[in-house]
Number of protein chains: 2
Amino acid sequence: MSALNSRVSVYQSVDSVAGKAAGGHDTLEFTGILKTYARGQEVFGQGERADYVYKVVRGAVRCFKTLSDGRRQICDFALPGDVFGLELGGDYGVSAEAVADCAIVAARRSTVLENSADPVAAAKAMVRLAMTDLERSRDHILTLGRRGAAERVVVFLLELNDRLDGGDTVELPMSRQDMADYLGLTIETVSRTLTHLEAEGLIALKCCRSIKLCDPRGLRRHCD
Amino acid sequence: MSALNSRVSVYQSVDSVAGKAAGGHDTLEFTGILKTYARGQEVFGQGERADYVYKVVRGAVRCFKTLSDGRRQICDFALPGDVFGLELGGDYGVSAEAVADCAIVAARRSTVLENSADPVAAAKAMVRLAMTDLERSRDHILTLGRRGAAERVVVFLLELNDRLDGGDTVELPMSRQDMADYLGLTIETVSRTLTHLEAEGLIALKCCRSIKLCDPRGLRRHCD
DNA sequence: CTCTGGCCTTGATCTGGGTCAACTTGGCGG
DNA sequence: CCGCCAAGTTGACCCAGATCAAGGCCAGAG
């Protein structure tokens with residue numbers, strides 16, 4: 001459970017972590033320590049002091065909330081290039097775990113925010129990150145509140161395809177359980193739905209973690 | 001449908017719209033025009049240019065997304081003191097309508113953001129607003145993804161009671177339909193659930209828009 | 001006063017997705 | 001190569017909440 005292979009080294013990243021709309025402005029200087037996390041390893045837990053901000057270099061992370069009886073809801077997946085662990089101030093509102101083996105940069109909050117060379121640009125980049133997350137959350141809310149199982153799965157595949165950008169094939173970094181916990185379904189329903197979509201010729205399950213989107217137009221029609 | 005009673009006047013508001021955690025810093029100077037909106041009137045529509053930011057003075061606003069077949073999901077209610085219409089840049093990602101008769105301040109985005117006397121404080125206040133919304137959205141996602149009907153209604157009542165702060169009684173500004181569209185349920189289920197909660201002695205329906213929380217502790221136990 | 005139209009409640013029935021259980025598949029260590 | 005175990009699939013059945021339908025309860029108009 002605890003830090004197994006936490007090989008660490010200093011890492012300098014000055015990538016743009018701004019949204020696609022940015023024309024190069026408002027980038028967040030992201031300097032920190034590169035760590036690796038094994039599949040299933042915790043990055044941080046809900047309620048801990050939010051002293052660090054993270055950025056995925058390789059792999060994928062799930063950010064989730066848990067009810068006292070164990071029910072889990074994944075709020076978001078952080079994919080390569082994504083920042084996570086951004087908080088209002090105090091504590092993390094979610095827990096974060098590696099979905100697959102990961103390389104992640106951990107930067108002190110204060111370094112990224114206060115000690116920045118250009119505080120206005122840093123704050124603007126923060127706003128951009130928060131608003132991007134917020135818009136994705138809203139779509140997630142729409143999906144969970146008003147879409148049926150098939151629509152949820154289709155929306156998920158299309159979104160992942162968009163974010164991973166691997167042509168017409170989605171290489172899922174997560175298990176069926178993770179998909180289910182993101183989509184508010186059960187593993188059985190996710191599995192069945194994928195089988196149905198394949199039977200309809202909309203997708204092809206090359207293997208259970210590799211899905212080809214055969215008919216993107218048809219899929220999009222499936223969920224407006 | 002269009003602007004019926006859009007009595008307008010200049011309005012100077014320098015309220016703190018920062019979160020509760022703020023010790024007085026990072027306030028957003030919010031200067032704009034005070035407008036009134038009739039119940040049901042649209043404030044802005046999804047896809048329109050997001051040139052204005054809004055702040056509720058009186059009444060309540062629903063921010064929602066709609067699917068092409070008419071299914072509606074309310075993402076958030078904006079209550080007195082809340083800012084809404086904050087966007088990444090381009091267009092509004094949701095539509096906004098008055099749930100009840102409202103008084104709302106509309107401020108130009110540029111006035112609030114760029115032309116601010118203290119751009120760093122403004123940007124920080126923006127981050128605070130976005131993060132607050134984001135955290136509420138995450139809770140909403142948890143509710144929609146993993147809670148049953150009774151838990152949803154209870155969580156909703158507790159949250160509203162917290163935000164409105166009217167002692168132990170919640171004066172609902174919205175209809176059953178709005179509640180249902182926020183909670184991912186139907187009006188019938190919301191109505192039945194309230195009746196059940198009353199039968200259990202957890203709440204009292206003084207009238208259909210006025211609900212007394214008789215046993216806050218019991219309610220909280222209902223949904224962890 | 002009655003009429004009308006929202007809004008809300010209540011009951012009967014239906015169904016999408018959950019639950020339970022068996023089985024298959026695939027990756028990995030020995 | 002086999003055996004093992006986690007992950008995924010498939011089937012049978014069940015139930016929470018949706019749907020369909022009938023009234024009830026105001027508030028405002030006439």
Side-chain angles (χ1 to χ4, degrees), chain A residues 38-40 62 67 69-73 99-101 143-157 170-199 203-211 222-223, chain B residues 38-40 62 67 69-73 97-101 143-157 170-199 203-211 222-223:
Chain A
R39 197 165 71 97
R62 55 176 173 252
L67 293 174
D69 64 359
R71 282 174 289 176
R72 187 180 74 160
Q73 177 63 44
V99 155
D101 292 349
T143 295
L144 294 177
R146 291 295 175 214
R147 288 198 237 246
E151 293 171 302
R152 294 188 198 198
V153 171
V154 169
V155 166
F156 179 74
L157 291 177
V170 182
E171 300 293 337
L172 298 171
M174 75 288 286
S175 68
R176 293 286 184 270
Q177 186 63 65
D178 286 325
M179 291 176 63
D181 284 350
Y182 180 81
L183 295 173
L185 300 170
T186 59
I187 39 173
E188 293 95 328
T189 300
V190 171
S191 185
R192 268 187 263 271
T193 304
L194 288 171
T195 309
H196 288 153
L197 291 172
E198 185 170 37
I203 63 170
L205 291 155
K206 300 165 83 168
C207 93
C208 69
R209 298 284 184 105
S210 179
I211 299 177
H222 234 267
C223 54
Chain B
R39 197 164 71 98
R62 55 176 173 251
L67 293 173
D69 64 359
R71 282 174 289 175
R72 187 180 73 159
Q73 177 63 46
E97 291 174 357
V99 155
D101 291 350
T143 295
L144 294 177
R146 291 295 175 214
R147 287 198 237 247
E151 295 173 301
R152 294 187 198 197
V153 171
V154 170
V155 166
F156 178 75
L157 291 177
V170 183
E171 299 294 337
L172 297 171
M174 75 288 287
S175 68
R176 294 287 184 269
Q177 186 64 64
D178 285 326
M179 291 177 63
D181 284 350
Y182 179 81
L183 295 172
L185 299 170
T186 58
I187 39 173
E188 292 95 329
T189 299
V190 171
S191 184
R192 268 188 262 271
T193 303
L194 289 171
T195 308
H196 288 153
L197 291 173
E198 185 170 38
I203 63 170
L205 291 155
K206 301 165 81 167
C207 95
C208 68
R209 298 284 183 105
S210 179
I211 300 178
H222 234 268
C223 55

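Proteins get letters first, then strands, A, B, ... in listed order; numbering begins at 1 in each. Computed from heavy atoms alone, side chains included, the values below leave out hydrogens, waters and symmetry copies.
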Starting at the 5' end of DNA chain D, which residue's closest nucleotide do you reach first, R146(A) or S191(A)?
-> S191(A)
In whole angstrom, what separates L205(A)'s CG from dT10(D)'s P?
-> 9 Å
Rounded to whole Å, CG of D181(B) lies from C1' of dC8(C) at a distance of 15 Å
Side chain of R192(A) only, please: which of dT19(D), dA12(D), dC8(C) is the nearest?
-> dA12(D)
Does some side-chain heavy atom of L144(B) sit less than 4.5 Å from a side-chain heavy atom of Q73(A)?
-> no
Looking at side-chain heavy atoms only, is the closest gap between T193(B) and R152(B) below 4.5 Å?
-> no
Hey, does the side chain of R71(B) reach the backbone of R146(A) with a donor-acceptor pair shorter than 3.5 angstrom?
-> yes
Gap between atoms CG and C1', on L144(B) and dG17(D) respectively (whole Å) | 14 Å
For atom CZ of R39(A), decide whether the heavy atoms of other residues, nucleotides or ligands shown that lie under 6.0 angstrom number more than 12.
-> no
In whole angstrom, what separates M179(B)'s CE from dC7(C)'s P?
-> 15 Å
For the pair made of CZ in R147(A) and P in dG16(C), what is the distance, rounded to whole Å?
-> 18 Å
Ranking dT19(D), dT19(C), dT9(D) by distance to the side chain of T186(B), first place goes to dT19(D)
R72(B), R176(B), R62(B) screened by salt bridge (Lys or Arg N to Asp or Glu O under 4.0 Å) with D181(B), the one that passes = R72(B)
Within residues 170-177 of chain B: residues closer than 4.0 Å to DNA chain D (heavy atoms) = none
Over how many whole Å does the gap from R209(B) atom CZ to dC7(C) atom C1' extend?
-> 8 Å
Just how far, in rounded Å, is C1' of dC23(C) from CD1 of I187(A)?
-> 14 Å
So, the side chain of R147(A) versus the backbone of C223(A): is there a donor-acceptor pair under 3.5 Å, distance only?
-> yes
Does E188(A) or G148(A) map to a spot on DNA chain C nearer the 5' end, using the closest nucleotide for each?
-> G148(A)
Of dG18(C), dT10(D), dT10(C), the nucleotide closest to the side chain of L185(A) is dG18(C)
To the side chain of R39(A), which of dA7(D), dA18(D), dG18(C) is closest?
-> dA7(D)
The bend of the helix from dC1(C)-dG30(D) to dG30(C)-dC1(D), taken between the axes of its five terminal pairs at each end and rounded to 10°, is 30°
Take the protein atom NE2 of H196(B) and the nucleotide atom P of dC8(C), then report the distance between them rounded to whole Å.
-> 18 Å
Beyond-backbone contact of L183(B) with V155(B), side-chain heavy atoms, under 4.5 angstrom | no
Below 4.5 Å, heavy atoms only, C-beta onward: do Y182(B) and T143(B) meet side chain to side chain?
-> no
For A38(A), does its backbone N or O pair with a side-chain atom of D101(A) as donor and acceptor, under 3.5 Å?
-> no
